[in-house]
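In what follows, chains are A, B, ... by sequence order, proteins preceding strands, each numbered from 1.
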Amino acid sequence: MPVQNIKQYLNKEISSALKECSGIQSSNANVTTSSRPEFGDYQANGVMSVAKQLSANPRELALKVIDYLEDNSIALIEAIEVAGPGFINIRLRERSVLSMANDLLSGKNDAISATDSPMKVVVDYSSPNLAKEMHVGHLRGTIIGDSIVRILEKEGHEVIRQNHVGDWGTQFGMLISFMQEIKRSDTENIPKELSDLEKFYTAAKARFDSDESFSSASRQAVVKLQSGDPNHRAIWEEFIETSLLHCDAIYKKLNVTLSRTDLDSESRYNDILEKIIEDLERKGLVTESDGAKCVFLPEFIGKDGDTLPIIIQKSDGGYLYSTTDLAAIKLRSEQMMADRALYVVDARQSLHFKQVFALAKSAEIASNNISLEHIAYGTMMGADGRPFRTRSGDTVKLIDLLDESIARAYDLVTEKNSSLGETERREIAEIVGIGSVKYAELSKSRTSDYVFDWSSMLSFEGNTAPYLLYAFARITSLISKSSESNSPMAISLISADEERSLLIKILQFPEIVNTVSTDCYPNLLCNYLYELAGIFMRFYEACPILKADKLIKISRLALASLTATTLKEGLDLLGIETLEKM
RNA sequence: GCGCCCGUAGCUCAACCGGAUAGAGCACCUGCCUUCUAAGCAGGGGGUUGGAGGUUCGAGUCCUCCCGGGCGCGCCA
């Protein structure tokens, strides 16, 4: 079994050595990559805390661990030594590193191979509200979710995408009522502007907020829709289809893997919502409060120290988000038999999910075998530090942001590379523009709120997608210029520090991917790829390739080629396409 | 009022569940295109990690308090 994940491997080996030397079974070597290059390639930080438990001298314990490891001679390790208060510093053996890399180059091993414990994972993401067009706030969940899905699949898990679109809420009553009003009126100049769903929604909302009789008609309309009235149903279907066409267009443009078959609309649960309520009632969990059906779980305390309700049915008989979510959990647990269900949703909904998950578990709607996880992401803020809006108070349409990014990329490629033909520049602009926007979302830590800013979102310098794409394009160009491109390549020697750092960085790719698939932080993958590209750039500046002696030239070309493969694979996992030229 | 999240360079963000000298990009300054793509590279200035205590070999990270911000808290999703 070849070593794939170096960190994991070292951690396992050193941890067991530490257990052996200390007698403490819970010993963890806590191996990380070295914080400074002069310390080596990896370091073990765990000896000190174990030594404390024994009240032993940490350096002495570290020495014992090293002796033990040397007796068991681990091929990967070239040098190992104690440093500072009890760190263990490790330098990898060049021969082992080269052979690992060459196994990747020859195709003998894959950088990411299928896990031996595949899981069935439901990923609920994107989930726009179909009453309006997608706006910039929908970008984050869509992009992060799509990256997580790609990574899980790459690792060999079975992934079920679920786009839990909002198509069944109160706003549809409002839209239907408004549509009926327009159809009744004979004024020809009111456009039936379903092509601009956003305007239609805004107009309907204005009526809803200003006219009492309209808003109560709207509420009745929802009830009619939900009870299956054919007229209401027909108008509703018109809205949904229009809205889905918008979504399809956005997903296509964004290169997001969602399709119609992944739809998990709220409306599909309509018929079983009643059964969910009955089930909860039978289990004695439901309390009626002010006419609404609620479940009170003692661990949730709200205002004034009262127990917080989970409302599952409104006093007018309507169902809520909580109800459909419970129904979705039931499906995902009982029928899909998922091991994990990931909800990639804005952090502001964390209380909602805590409640729903807790209820699902205690009411046994979800089995004990499913792990329900809210993959929360931070809110997009405006420059004023409040959730993002434009000056007029409207949100920015997602499609406008994407088009702007592509337009700016087009101007830039025209300026940088005017010799390229029109269609080629359009292609480059598309990939650079979309890639930049996606990368801007992915590269920030998932949980923190972040400020929306056109210029940083659409920047093409520094830690951005174009930086990575540029590194890739340089390598493609190199390879196409070399006459050796067809001969089998291998990295035969390391003649410069830059080569060594690049090589080791490449081999760390699986470590990162593995971390992201469990913790769902794609920004770690972005950081990694940025560092990888940065190391490549330095290597490229410092080490001539095509002009080098034949042996070195072939070796460096192979290294560059492996860098390109890694970059491409990584960008692929982020859902970003690569370019041969830019 | 209660709960969750956050406060790191002028700005936007990192920091691998407590590790060694807190890193990038933008902006600013200085170099590098008759040699593999300058969307790049090399270098410079810029920090009491909001403040005060505490825990220990070691704290941006953990605990307490304070200041400041965001979000959530009964019929929206």
Side-chain angles (χ1 to χ4, degrees), chain A residues 7 30 32-36 39 43 45-46 48-49 51-52 58 83-87 89 127 129 131 166 168-171 266 289-294 300-306 308-316 318 320-322 324-325 345-352 354 376 378-379 381 385-387 409 412-413 415-417 432 443-445 447-451 453 455-457 459-464 466-467 469-471 473-478 481-482 511-512 515 519 521 523-524 526-528 530-531 534 537-538 540-548 560 581-582:
Chain A
K7 192 201 286 188
N30 193 10
T32 63
T33 49
S34 290
S35 55
R36 306 171 60 77
F39 295 153
Q43 62 184 55
N45 301 327
M48 289 165 284
S49 57
K52 189 156 88 182
F87 295 102
N89 287 337
S127 309
N129 186 329
W168 211 234
T170 318
Q171 337 84 319
E266 288 182 293
S289 171
D290 295 333
K293 289 183 180 169
C294 305
F300 296 101
I301 308 294
K303 286 177 190 167
D304 313 322
D306 294 343
L308 213 54
I310 304 164
I311 304 176
I312 51 174
Q313 189 169 20
K314 297 193 282 185
S315 48
D316 66 6
L320 294 130
Y321 193 35
S322 328
T324 47
D325 262 344
V345 182
D346 191 303
R348 284 174 290 185
Q349 292 185 31
S350 45
L351 178 59
H352 164 80
K354 264 190 201 141
T379 306
M381 312 295 254
R386 319 209 56 129
L412 186 64
V413 70
E415 177 198 319
K416 298 272 181 197
N417 219 335
V432 168
S443 60
K444 290 175 176 64
S445 180
T447 45
S448 46
D449 292 347
Y450 65 116
V451 175
D453 169 58
S455 62
S456 71
M457 179 75 87
S459 163
F460 301 132
E461 286 172 345
N463 187 2
T464 61
Y467 183 84
L469 296 175
Y470 186 63
R474 280 180 147 183
I475 299 171
T476 322
S477 167
L478 263 181
K481 281 185 179 161
S482 78
E511 298 170 9
I512 300 297
T515 305
D519 295 349
Y521 280 94
N523 66 303
L524 298 177
C526 293
N527 291 349
Y528 167 81
Y530 179 59
E531 284 166 11
M537 294 290 195
R538 265 160 264 154
Y540 182 88
E541 297 283 339
C543 304
I545 299 166
L546 298 180
K547 297 239 157 103
K581 270 187 216 170
M582 65 184 282

**Item:** Closest to the A/Lys314 side chain, choosing from B/rA39, B/rA77, B/rC75
**Value:** B/rC75
**Message:** Heavy-atom nearest nucleotide on RNA chain B for A/Trp168 versus A/Arg474: which residue maps closer to 5'?
**Reply:** A/Arg474
**Message:** Can you tell me whether the side chain of A/Asn523 and the base of B/rA15 have a donor-acceptor pair closer than 3.5 Å?
**Reply:** no
**Request:** Go ahead and name the base partner of B/rG23; Watson-Crick or wobble counts if both distances stay under 3.5 Å, otherwise write none.
**Result:** B/rC13
**Prompt:** Could a donor-acceptor pair under 3.5 angstrom be found where the side chain of A/Ser459 meets the base of B/rC26?
**Reply:** no
**Item:** Short side-chain N/O contact from A/Tyr321 to OP1 or OP2 of B/rA77, under 4.0 Å
**Value:** no
**Prompt:** Counting only side-chain N and O atoms of A/Arg36, is one of them less than 4.0 Å from OP1 or OP2 of B/rU21?
**Reply:** no
**Request:** Considering just the side-chain nitrogens and oxygens of A/Ser448, establish if one lies under 4.0 Å of OP1 or OP2 belonging to B/rA14.
**Result:** yes
**Asked** With both distances under 3.5 angstrom, what nucleotide forms a Watson-Crick or G-U wobble pair with B/rC71?
**Response** B/rG3
**Prompt:** Checking all strands, does A/Asn129 fall into the base, sugar-phosphate, or nothing category for heavy-atom contacts under 4.0 angstrom?
**Reply:** nothing
**Message:** Looking at A/Lys293, I'd like to know whether one of its side-chain N or O atoms comes within less than 4.0 Å of OP1 or OP2 on B/rG74.
**Reply:** no
**Fill in**
The Watson-Crick or G-U wobble partner of B/rG47, with both key distances under 3.5 Å, is none
**Prompt:** Among the nucleotides B/rG70, B/rC4, B/rG19, which one has an atom lying closest to any side-chain atom of A/Asn45?
**Reply:** B/rG19
**Under-4.0 Å side-chain N/O to phosphate OP1/OP2 contact, A/Lys416 with B/rA39** = yes
**Prompt:** What nucleotide among B/rU37, B/rG40, B/rC16 has an atom nearest to a side-chain atom of A/Thr32?
**Reply:** B/rC16
**Request:** Measure from the side chain of A/Met48, starting at C-beta and using heavy atoms only, and say which of B/rG74, B/rA77, B/rC57 lies closest.
**Result:** B/rC57
**Nearest listed nucleotide, side chain of A/Leu524, among B/rU37, B/rC57, B/rA15** = B/rA15
**Complete:** By the Watson-Crick or G-U definition, both distances under 3.5 Å, B/rG40 is matched with B/rC32
**Complete:** Side-chain atoms of A/Lys354 come closest, of B/rC4, B/rA20, B/rG40, to B/rC4
**Asked** Does B/rU8 pair with anything, Watson-Crick or G-U wobble, both distances under 3.5 Å, and if so, with which nucleotide?
**Response** none
**Asked** Which nucleotide in the list B/rC75, B/rA39, B/rG40 gets nearest to the side chain of A/Met582?
**Response** B/rA39
**Prompt:** Given B/rA14, is OP1 or OP2 found less than 4.0 Å from the side-chain N or O atoms of A/Tyr530?
**Reply:** no
**Request:** For the side chain of A/Lys444, starting at C-beta, report the closest nucleotide among B/rU12, B/rG25, B/rU56.
**Result:** B/rU12
**Side chain of A/Leu351 (C-beta onward), nearest among B/rC57, B/rG72, B/rG40** = B/rG72
